Structure formats: C-alpha cells, structure tokens
Amino acid sequence: DSGVTQTPKHLITATGQRVTLRCSPRSGDLSVYWYQQSLDQGLQFLIQYYNGEERAKGNILERFSAQQFPDLHSELNLSSLELGDSALYFCASSVDAATNEKLFFGSGTQLSVL
Amino acid sequence: AQSVTQLDSHVSVSEGTPVLLRCNYSSSYSPSLFWYVQHPNKGLQLLLKYTSAATLVKGINGFEAEFKKSETSFHLTKPSAHMSDAAEYFCVVSDTSGTYKYIFGTGTRLKVLA
C-alpha cells in the first residue's frame with residue numbers, strides 16, 4: 001500500500017458529462033501529480049501541485065482542471081468528456097517538489113466514457 | 001529538453017534466466033533516473049533511483065541498474081527472473097532544469113515463461 005488514496009476506483013459516464021477524481025496524498029507529502037495512462041498515449045503527465053499551488057503543467061487539456069486544497073488532497077475535474085478521455089488516471093505524491101524525489105502512486109481511477 | 005527511450009516494448013524471458021530492460025535518456029543537465037514497475041491493475045511502484053551517487057544502483061526485488069553517462073543509458077537488470085516479475089516497467093528521467101517534470105518512457109512489458 002503506497003499510502004495514496006484515489007477515489008473512485010471506477011467511473012462510467014457519458015460523453016459531454018463532467019466528473020471529479022479525488023486524490024489523498026501520503027501523510028506528510030506536499031506535492032501531488034496527476035497522470036493519464038492510455039494504451040495509445042502511454043503515461044502522460046497532466047499537472048503538479050505543491051502545497052496548494054500549481055507547480056508544473058504537462059499535456060493537460062483546457063477541459064480539464066485541478067486543484068489542491070488546504071488539507072493537501074487534490075481533485076481533477078474533467079468536463080465535456082469525449083470518448084478519447086477514457087483512460088486510467090493516476091495520482092502520485094512526493095515529499096516536496098524536487099524532481100529527484102520518489103513518487104508514490106495511487107491505484108488509479110479507471111474512467112470509461114461511453 | 002529531456003527525453004527517455006525504452007528500446008523494447010515487450011521482452012520475454014524464461015523463469016530463472018537473466019532480465020535486461022533497456023533505457024536510453026537525453027538530458028542537458030545531470031539527470032535523476034528512475035525505474036518503476038506496474039503490476040496488472042495496480043499503481044506504479046519505485047524499483048530504484050539514480051541521483052549522481054554510485055553508478056550501480058540496487059533496487060528492490062533483486063533488480064539493479066547501471067548509469068552509463070558515455071552511453072546515456074540506464075538499463076535495468078536482474079540475474080534470475082521470477083514469475084512474479086511479470087509486469088510493465090517504466091524508465092523515468094527527471095527534469096532538473098526547474099520545470100519540475102518527471103518524463104516517463106513508453107514502458108516495457110516483461111513476460112516470464114515457466
């Protein structure tokens with residue numbers, strides 16, 4: 001068990017809808033990362049937060065947004081969903097924002113857009 | 001810009017034989033390098049990391065990797081494969097230029113034959 005909790009584990013929704021994915025980082029970790037994993041794109045970095053502030057942005061679509069709350073949990077909001085958004089979404093956390101730190105991954109949220 | 005290339009998308013070995021998963025990186029700075037493993041329906045778990053200390057890095061479950069700057073490689077090895085090693089393996093380079101990104105390779109799926 002990595003200590004990172006993601007909910008829900010599975011989500012099935014329709015095109016055009018909006019969903020929220022939730023991540024609770026490991027106790028004491030200040031940095032949260034979101035990744036999208038799909039068969040054709042591999043593991044894509046979406047966005048990173050550190051202690052409530054956005055720190056880095058990757059290949060995140062404008063339809064997607066995220067935030068990190070004062071209690072350090074994070075939410076990834078996906079709107080106007082398309083079939084191509086179906087993927088496994090991972091959250092990871094680390095102690096701080098340094099890029100030589102170990103990442104701890106949650107078990108992911110499997111999103112299916114029908 | 002930094003990048004990472006995993007040279008094999010699939011590798012098959014027999015149980016008890018050596019494992020070699022190849023990774024080449026490109027980096028303008030002194031990189032931090034990682035190997036992560038993903039078992040089916042699980043999140044990613046760190047196997048080992050290199051951060052400019054010893055060039056031979058020992059990880060969990062008998063895996064090790066050697067950093068070779070002249071070859072820009074960070075290949076993952078294990079002397080004797082076990083059935084439980086069947087999984088997907090990701091080589092990761094960190095962006096130490098200040099953009100706080102971890103860059104993932106496309107993954108190598110390891111199959112272990114009985």
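Proteins come first, then strands; the chains are lettered A, B, ... in the order of their sequence lines, and each starts at number 1. For clarity, every value in this text was computed on a predicted model and none was experimentally measured.
With a 4.5 Å cut-off on non-hydrogen atoms, A/Gln6 does not touch chain B at all. Interface residue B/Lys49: only side-chain heavy atoms are found under 4.5 Å from chain A. Within the 4.5 angstrom heavy-atom criterion, no atom of B/Gln45 approaches chain A. For B/Thr51, the part lying near chain A is the side chain, with the backbone staying farther off; criterion is any non-hydrogen pair under 4.5 Å. Heavy atoms of B/Phe90 lying under 4.5 Å from chain A belong exclusively to its side chain.
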Please tabulate, for side-chain N and O atoms in residues 11-19 of chain A, each donor-acceptor pair with protein atoms closer than 3.5 Å (sequence neighbours left out).
none

Residues 73-81 of chain A side chain polar contacts: donor-acceptor under 3.5 Å, at least two apart:
residue: A/His73; atom: ND1; partner: A/Asp71; partner atom: OD1; Å: 2.7
residue: A/His73; atom: ND1; partner: A/Asp71; partner atom: OD2; Å: 3.2
residue: A/His73; atom: NE2; partner: A/Arg22; partner atom: NH1; Å: 3.2
residue: A/His73; atom: NE2; partner: A/Glu75; partner atom: OE2; Å: 3.4
residue: A/Ser74; atom: OG; partner: A/Trp34; partner atom: NE1; Å: 2.9
residue: A/Ser74; atom: OG; partner: A/Gln67; partner atom: O; Å: 2.9
residue: A/Asn77; atom: OD1; partner: A/Thr20; partner atom: OG1; Å: 2.8
residue: A/Ser79; atom: OG; partner: A/Arg63; partner atom: O; Å: 2.8

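Residues of residues 103-114 of chain A lying under 4.5 angstrom from chain B, judged on non-hydrogen atoms, are A/Leu103, A/Phe105, A/Gly106, A/Ser107 by number.
In this model, no donor atom of one side chain and acceptor atom of the other lie less than 3.5 Å apart for B/Thr55 and B/Glu66.
Relative ring orientation between A/Tyr33 and B/Tyr102 is described as perpendicular, the plane-to-plane angle rising above 60° on a 0-90° scale split at 30° and 60°.
In this structure, B/Phe34 has its ring center no closer than 6.0 Å to that of B/Phe74.
Evaluation of the side-chain contact (heavy atoms from CB on, under 4.5 Å) rule for A/Ala87 yields A/Gln36, A/Ser38, A/Tyr89 as partners, not counting sequence neighbours.
Remark: the backbone N or O of A/Tyr49 is paired with a side-chain donor or acceptor of A/Ser31 at under 3.5 angstrom.
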Chi angles and distances behind the ring pair (Phe, Tyr, Trp, His ring centres under 6.0 Å) call for A/Phe45, A/Phe90: CA-CA 10 Å; A/Phe45 168 68; A/Phe90 283 110; over 10 Å; no
